[in-house]
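As the structure is a computational prediction, the values presented were derived from the model and not from experiment.
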Amino acid sequence: MASQCIAFRDSKGVLHATLEKATLEDLAGVLGRVGEEGGMTAGVAKLILEKRAEIERIFAEHDDLVRPTPEGGTVERLHVI
């Protein structure tokens, strides 16, 4: 008898049993090869996913301190505490 299952497709179309596995595969693809033989890529992708909130906070703070110029460049703003 056939049964229904839920799978998650990564950006290359490969099916994964969990959302995390599909996301990790996409992150690894974006990172490319890290280290000899690419052995570190999966670990770096997993670490990025685990630390996502902190990483997003850091990028948000960075983006808050960099503003676009009319000429299309950017100007770093001094953040005074």
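Within the 4.5 Å cutoff, side-chain heavy atoms of I48 are placed close to those of L31. Between H16 and R9 the shortest side-chain heavy-atom distance does not fall below 4.5 Å.
No path of Ile, Leu, Val, Met, Phe, Trp and Tyr side chains, each step under 4.5 Å between heavy atoms, connects L27 with I58, placing them in separate hydrophobic clusters. By the criterion of side-chain heavy atoms lying less than 4.5 angstrom apart, applied directly or through intervening Ile, Leu, Val, Met, Phe, Trp or Tyr residues, V14 is not grouped with I6; the two fall into different hydrophobic clusters. L24 and L47 fall into different hydrophobic clusters, where Ile, Leu, Val, Met, Phe, Trp and Tyr are joined by side-chain heavy atoms under 4.5 Å apart, directly or via other members.
Note on E61 versus R57: salt bridge recorded, some NZ/NE/NH1/NH2 to OD/OE distance being below 4.0 Å.
Listed by first then second residue, pairs satisfying salt bridge (Lys or Arg N to Asp or Glu O under 4.0 Å) with a partner in residues 39-54 read E20-K46, K46-E50, R52-E56, not counting sequence neighbours.
To the nearest 0.5 Å, the span separating CZ on F8 from CG on L15 amounts to 11.0 Å.
Without hydrogens or angle criteria, D26 side chain to D10 main chain gives no donor-acceptor distance under 3.5 Å.
The shortest heavy-atom contact between A28 and A45 is N-CB, 3.8 Å.
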